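Worksheet: one structure, shown below.
Hydrogens, waters and symmetry mates play no part in the numbers below; they use all other heavy atoms, side chains included. All of these numbers come straight from a predicted model, not from anything done at the bench.
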Amino acid sequence: MTARIAELAAGYDRSGAFPAESLRIAHGAGLLTATIGERYGGRGARVEESARILHTLGRGDPSVALIAAMTLNTHARQAVQPHWPDELYARVVKESFERPVLINHARVEPELGSPARGGLPATLARRTPDGWSLNGTKRFVTGAEGLDWFLVWATTDEPAPRVGTFLVPGGSPGIEITGRWDHLGLRASGSHDVTFREVTIPYENVVGLGPYGPAAEQDNRAGASLHLPLAAIYLGVARAAQAFFHTFAQTRVPANLGHPVARTERFRRMAGEIEVLLGAAEQLVFGGAARVDADDPSYSPEQALGARVLADRHGVRAVELAVRLLGNPGLTRGNPLERHFRDIQCAPVHAPQEDIALLAIGTKALTP
């Protein structure tokens with residue numbers, strides 16, 4: 001499965017097309033439904049298994065892994081704390097076992113930026129006789145072209161405004177992609193800008209509706225179940241880069257050397273450095289995920305944030321080292337390493353970004 005997704009990755013990267021075939025492959029292997037809770041007929045994969053699934057997908061195509069991550073996280077949250085309307089979620093689960101059903105939040109806005117930094121969404125939900133009507137624009141909605149459900153964070157137009165997440169079917173009239181994703185990395189992730197114009201949904205299609213305040217803000221400390229699997233995606237990218245680096249070193253025989261460069265001290269030392277970086281990062285991510293699954297009370301949200309920060313740093317550094325040693329071949333288009341180098345630059349971009357994570361960690365550390 002990973003090999004086939006990896007074969008398709010270069011073409012999707014060049015075209016920027018939605019990776020529908022790769023997602024069908026992942027669904028056929030049961031990966032898109034892995035975190036559906038046992039109470040709903042799923043196998044209830046938890047954080048460590050999610051991280052390992054996304055690490056594997058990340059080695060093949062991180063765009064596919066990121067789209068999958070958003071769906072897996074939605075099911076994982078529902079399994080731990082049910083919050084969707086029962087009948088609606090039952091329908092989503094039934095369809096999910098039959099075909100790839102993709103779900104993602106739509107939270108970032110042009111003016112607001114990332115909710116990780118606080119602020120009230122400008123997207124407005126207006127009460128109608130039949131439910132809600134949504135208007136607003138969201139940015140960086142991963143998988144937008146193929147989403148079956150947009151989870152839209154919006155403010156109500158009530159005299160005392162409330163905020164909540166509105167569950168919008170992907171095929172609803174009034175949904176339009178208004179800004180195309182044209183990015184250095186993860187080019188097939190389809191993280192487009194999406195505008196909602198008078199999109200109507202039933203009254204009950206909303207979760208977490210309540211007054212705006214600290215409870216409605218994004219809790220950057222509480223997201224271990226997402227931070228660690230997200231970090232695993234990019235460690236998968238780094239492992240793919242490492243594999244190419246090893247192949248190059250074992251097959252490159254300069255005429256003046258007479259044997260593969262893998263036998264030189266320079267390449268062996270760099271291979272060791274890359275392995276130490278990635279091995280340590282994987283211990284932090286998978287070990288932390290196992291402790292989350294075990295409900296280890298000594299494992300704090302700050303430790304999960306720290307694992308994410310270090311994993312991102314290590315992954316980016318490992319790929320940079322491989323590219324630097326290979327020189328021009330490492331940056332040549334059509335070479336997998338060049339694509340891996342671009343893709344892994346996206347690792348530190350995901351919210352919460354490093355400065356926000358370090359602020360949370362430092363605040364906790366300095367609290368008496």
Run the salt bridge (Lys or Arg N to Asp or Glu O under 4.0 Å) check on Glu87 and Arg91 step by step: do they pass?
-> CA-CA 6 Å; Glu87 290 186 10; Arg91 191 173 86 233; over 6 Å; no
Is the backbone N or O of Met70 less than 3.5 Å from a side-chain atom of Asn104, with the two atoms forming a donor-acceptor pair by type?
-> no
Given side chains that start at C-beta, do those of Glu282 and Arg239 come closer than 4.5 Å, heavy atoms only?
-> yes
Looking only at non-hydrogen atoms, find the nearest pair between Val47 and Ala289 and report the distance.
-> CG1-CB, 3.7 Å
Expected output: side-chain Asp293 to main-chain Arg46 donor-acceptor under 3.5 Å = no
Does a salt bridge link Glu49 with Arg52, judged by any charged N lying under 4.0 Å from a carboxylate O?
-> no
ring-ring contact (aromatic ring centres under 6.0 Å, His included) partners of His183, counting only residues at least two apart | Trp181
Sub-4.5 Å side-chain heavy-atom contact between Val141 and Leu147 = yes
Write out all pairs satisfying salt bridge (Lys or Arg N to Asp or Glu O under 4.0 Å) with one or both partners inside residues 241-262, taking only residues at least two apart or from two chains.
-> none
Are Phe267 and Leu331 joined in one hydrophobic group, where the rule is that I, L, V, M, F, W and Y side chains link up if heavy atoms are under 4.5 Å apart?
-> yes
Using modelled atom types only, decide if a donor and an acceptor are shared between the side chain of Lys138 and the backbone of His105 within a distance under 3.5 Å.
-> no
Sidechain-backbone polar pair: Asn205 side chain, Phe166 backbone, donor-acceptor under 3.5 Å = no
State which residue, out of Leu366, Ile361, Leu359, fulfils the side-chain contact (heavy atoms from CB on, under 4.5 Å) condition with Thr363.
-> Leu359
Interatomic distance, Leu102 atom CG to Phe18 atom CZ [nearest 0.5 angstrom] | 5.0 Å
Min side-chain heavy-atom separation Thr264-Leu257 under 4.5 Å = yes
Spell out, as yes or no, whether a donor-acceptor pair under 3.5 Å connects the side chain of Thr35 to the backbone of Leu72.
-> yes
Of all heavy-atom pairs linking His75 and Ser96, the shortest is NE2-OG, 4.1 Å
Dump the intermediate steps for side chain to side chain contact (heavy atoms under 4.5 Å, CB included) on Thr200 and Asp130, then the final yes or no.
-> CA-CA 8 Å; Thr200 59; Asp130 300 318; over 6 Å; no
Verify side chain to side chain contact (heavy atoms under 4.5 Å, CB included) between Arg197 and Thr178, making sure each step is shown before the conclusion.
-> CA-CA 11 Å; Arg197 295 189 178 95; Thr178 50; 4.2 Å; yes
Do the side chains of Pro254 and Val261 get nearer than 4.5 Å, heavy atoms only?
-> yes
Picking from Thr137, Thr123, Asp193, Leu120, what satisfies side-chain contact (heavy atoms from CB on, under 4.5 Å) with Glu109?
-> Thr123
Determine, step by step, whether Glu265 and Arg268 satisfy the salt bridge (Lys or Arg N to Asp or Glu O under 4.0 Å) criterion, reporting the C-alpha distance in whole Å, the side-chain angles of both residues, the deciding distance to 0.1 Å, and the verdict.
-> CA-CA 5 Å; Glu265 183 176 302; Arg268 290 185 175 189; over 6 Å; no
Would a hydrophobic clustering, with Ile, Leu, Val, Met, Phe, Trp and Tyr connected at side-chain separations under 4.5 Å, put Tyr203 with Val206?
-> yes
What pair of heavy atoms forms the shortest contact from Ala360 to Leu305, and how long is it?
-> CB-CD1, 3.9 Å
How about Val323 and Leu337: do any of their side-chain heavy atoms sit closer than 4.5 Å?
-> yes
Donor-acceptor contact present, side-chain Arg187 to main-chain Tyr12, <3.5 Å = no
Go through the steps for Arg291 and Ser298 under the test side chain to side chain contact (heavy atoms under 4.5 Å, CB included), then give the verdict.
-> CA-CA 9 Å; Arg291 291 175 68 182; Ser298 67; 2.9 Å; yes
Step by step, would you call His340 with Phe245 a ring-ring contact (aromatic ring centres under 6.0 Å, His included)?
-> CA-CA 11 Å; His340 301 325; Phe245 171 77; over 10 Å; no
If you take all heavy atoms of Ser22 and Leu8, which pair is closest and at what distance?
-> OG-CD1, 3.4 Å
How long is the gap from CG on Leu228 to CG on Leu284, to the nearest 0.5 Å?
-> 9.5 Å
Joint cluster assignment, Leu226 & Leu32, ILVMFWY side-chain distance < 4.5 Å | no
Measure the shortest side-chain to side-chain distance between Leu321 and Leu277 over non-hydrogen atoms and say whether it is less than 4.5 angstrom.
-> yes
Separation between CG (Asp13) and OG (Ser189), nearest 0.5 Å, reads 10.5 Å
Distance (rounded to the nearest 0.5 Å) between Arg59 CZ and Thr2 OG1 = 8.0 Å
Any donor-acceptor pair under 3.5 Å from His27 side chain to Arg99 backbone | yes
With rounding to the nearest 0.5 Å, note down the distance linking CG in Leu186 to CD1 in Ile233.
-> 8.0 Å
Indicate yes or no: does Arg24 engage Glu21 in a salt bridge with an N to O separation below 4.0 Å.
-> yes
According to a 4.5 Å side-chain heavy-atom criterion applied to Ile, Leu, Val, Met, Phe, Trp and Tyr, with indirect links allowed, do Ile356 and Val349 form part of one hydrophobic cluster?
-> no
Which is it for Glu176 and Thr195 under the side chain to side chain donor-acceptor pair (under 3.5 Å) test, yes or no, and what are the steps along the way?
-> CA-CA 5 Å; Glu176 181 185 357; Thr195 296; over 6 Å; no
Will you find, in the side chains of Glu338 and Thr332, an N or O donor that is under 3.5 Å from an N or O acceptor?
-> no
Counting distance only, does the side-chain N/O of Arg162 pair as donor-acceptor with the main-chain N or O of Thr156 below 3.5 Å?
-> no
For residues Pro352 and Arg308, determine if any side-chain heavy atom of one lies less than 4.5 Å from a side-chain heavy atom of the other.
-> yes
Starting from Tyr40, walk the hydrophobic network (Ile, Leu, Val, Met, Phe, Trp, Tyr; side-chain heavy atoms closer than 4.5 Å) and list everyone else you reach, by chain and number.
-> Ile36, Trp84, Leu88, Tyr89, Val92, Val93, Phe97, Val101, Ile103, Trp149, Leu151, Leu167, Val207
Taking a hydrophobic cluster as the set of Ile, Leu, Val, Met, Phe, Trp and Tyr residues connected by side-chain heavy atoms closer than 4.5 Å, whether directly or through intermediates, do Leu66 and Phe140 fall within one such cluster?
-> no
In plain terms, say whether Arg317 and Glu273 are close enough for a salt bridge, that is, a side-chain N and a carboxylate O under 4.0 Å apart.
-> no
Ring geometry between Phe196 and Phe150 (parallel below 30°, tilted from 30 to 60°, perpendicular above 60°) | perpendicular
Output yes when a side-chain donor or acceptor of Asn135 lies under 3.5 Å from a complementary backbone atom of Glu198, and no otherwise.
-> yes
Might you work through the side chain to side chain contact (heavy atoms under 4.5 Å, CB included) test for Asp312 and Glu354, ending with a clear yes or no?
-> CA-CA 9 Å; Asp312 288 351; Glu354 184 171 303; 6.0 Å; no
Shortest non-hydrogen separation from Met1 to Leu57 and the atoms involved = CE-CD2, 4.1 Å
Identify the heavy atoms of Val309 and Ala357 that sit nearest to each other, and give their distance.
-> CG2-CB, 3.8 Å
Atom pair CG (Asn73) and CD (Gln78), whose distance is rounded to the nearest 0.5 Å = 12.0 Å
Contact check, side chains of Trp132 and Arg127, non-hydrogen atoms, under 4.5 Å = yes
